[in-house]
Every structure is written in C-alpha cells, then in structure tokens.
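Position 1 is the first residue of the sequence, and the numbers go up from there.
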Amino acid sequence: MTNPLPLPNDDETIHSAADRESCYKMERKYGWRLKRIDEYPDAPILKVDCVFYGDAPFPDYMEKTDND
C-alpha cells in the first residue's frame with residue numbers, strides 16, 4: 001500500500017493547516033519561505049499542507065531557562 005500524502009524531502013518542511021490563509025500567516029509570523037500549498041478538500045479539518053523551504057520547525061516555547 002502506498003502513502004497518498006506527499007512526504008517532505010530534505011529541503012522542505014510540511015505543516016498542516018485549516019486553510020490557505022494560515023499558510024501565509026505562518027510564513028509572515030515565522031519568517032519561513034512558502035514553497036507551495038497542497039490542498040485536500042475532503043479532509044475533515046486540516047484541509048491544506050503548507051510546504052516551506054528548508055528546515056522550518058515551530059519555536060519551542062517550553063525550552064528550559066536558567067531558572068528551571
């Protein structure tokens with residue numbers, strides 16, 4: 001059985017979202033470069049995959065500090 005969803009290659013990161021506008025918001029907020037948007041209209045909630053160039057991890061707001 002093959003995977004119907006595209007897998008990221010080494011030079012891209014995929015984050016799922018509810019709509020296309022969310023991809024553009026992530027691009028602006030985190031400074032990532034959007035490569036393309038893959039749409040899945042039959043998906044129940046997350047209807048798009050935002051594909052960004054390179055390594056685009058979300059910030060870890062729970063990182064330990066010197067006070068922890």
Side-chain angles (χ1 to χ4, degrees):
M1 183 172 172
T2 61
N3 185 352
L5 300 175
L7 297 174
N9 58 37
D10 290 343
D11 63 345
E12 62 186 27
T13 302
I14 297 175
H15 293 293
S16 297
D19 54 42
R20 295 175 64 85
E21 181 58 30
S22 296
C23 295
Y24 297 114
K25 287 179 181 178
M26 280 189 263
E27 181 180 42
R28 287 189 301 271
K29 181 174 182 175
Y30 299 110
W32 302 333
R33 269 186 47 217
L34 188 61
K35 184 175 186 179
R36 69 176 185 277
I37 299 173
D38 297 331
E39 297 188 14
Y40 304 98
D42 295 332
I45 298 172
L46 300 175
K47 297 189 177 286
V48 300
D49 277 346
C50 313
V51 182
F52 297 95
Y53 286 98
D55 188 26
F58 284 110
D60 184 2
Y61 295 111
M62 300 303 291
E63 288 181 7
K64 292 190 180 262
T65 63
D66 292 338
N67 296 333
D68 288 341

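Of the possible polar contacts, none joining the S16 side chain to the D49 backbone as a donor-acceptor pair under 3.5 Å is found. Proximity of a side-chain donor or acceptor of K47 to a complementary backbone N or O of P41 within less than 3.5 Å is detected.
Pairs of residues two or more places apart, or lying in two chains, that qualify as disulfide (SG to SG under 2.5 Å) and include a residue from residues 11-50 are C23-C50.
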Report task. Might you work through the side chain to side chain contact (heavy atoms under 4.5 Å, CB included) test for V51 and I37, ending with a clear yes or no? Result -> CA-CA 6 Å; V51 182; I37 299 173; over 6 Å; no
Under 3.5 Å, which donor-acceptor pairs link side chains of residues 24-32 to any protein atom two or more places apart or in another chain?
residue, atom, partner, partner atom, Å
E27, OE2, L34, N, 2.9
R28, NH2, E21, OE2, 3.3

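L46 forms part of a hydrophobic cluster together with I45, judged by ILVMFWY side-chain heavy-atom separations under 4.5 Å.
Two residues are said to be in side-chain contact when any heavy atoms from C-beta on lie closer than 4.5 Å; E12 and F52 fail this criterion.
Annotation: side chain to side chain donor-acceptor pair (under 3.5 Å) contacts of D55 (sequence neighbours excluded): none.
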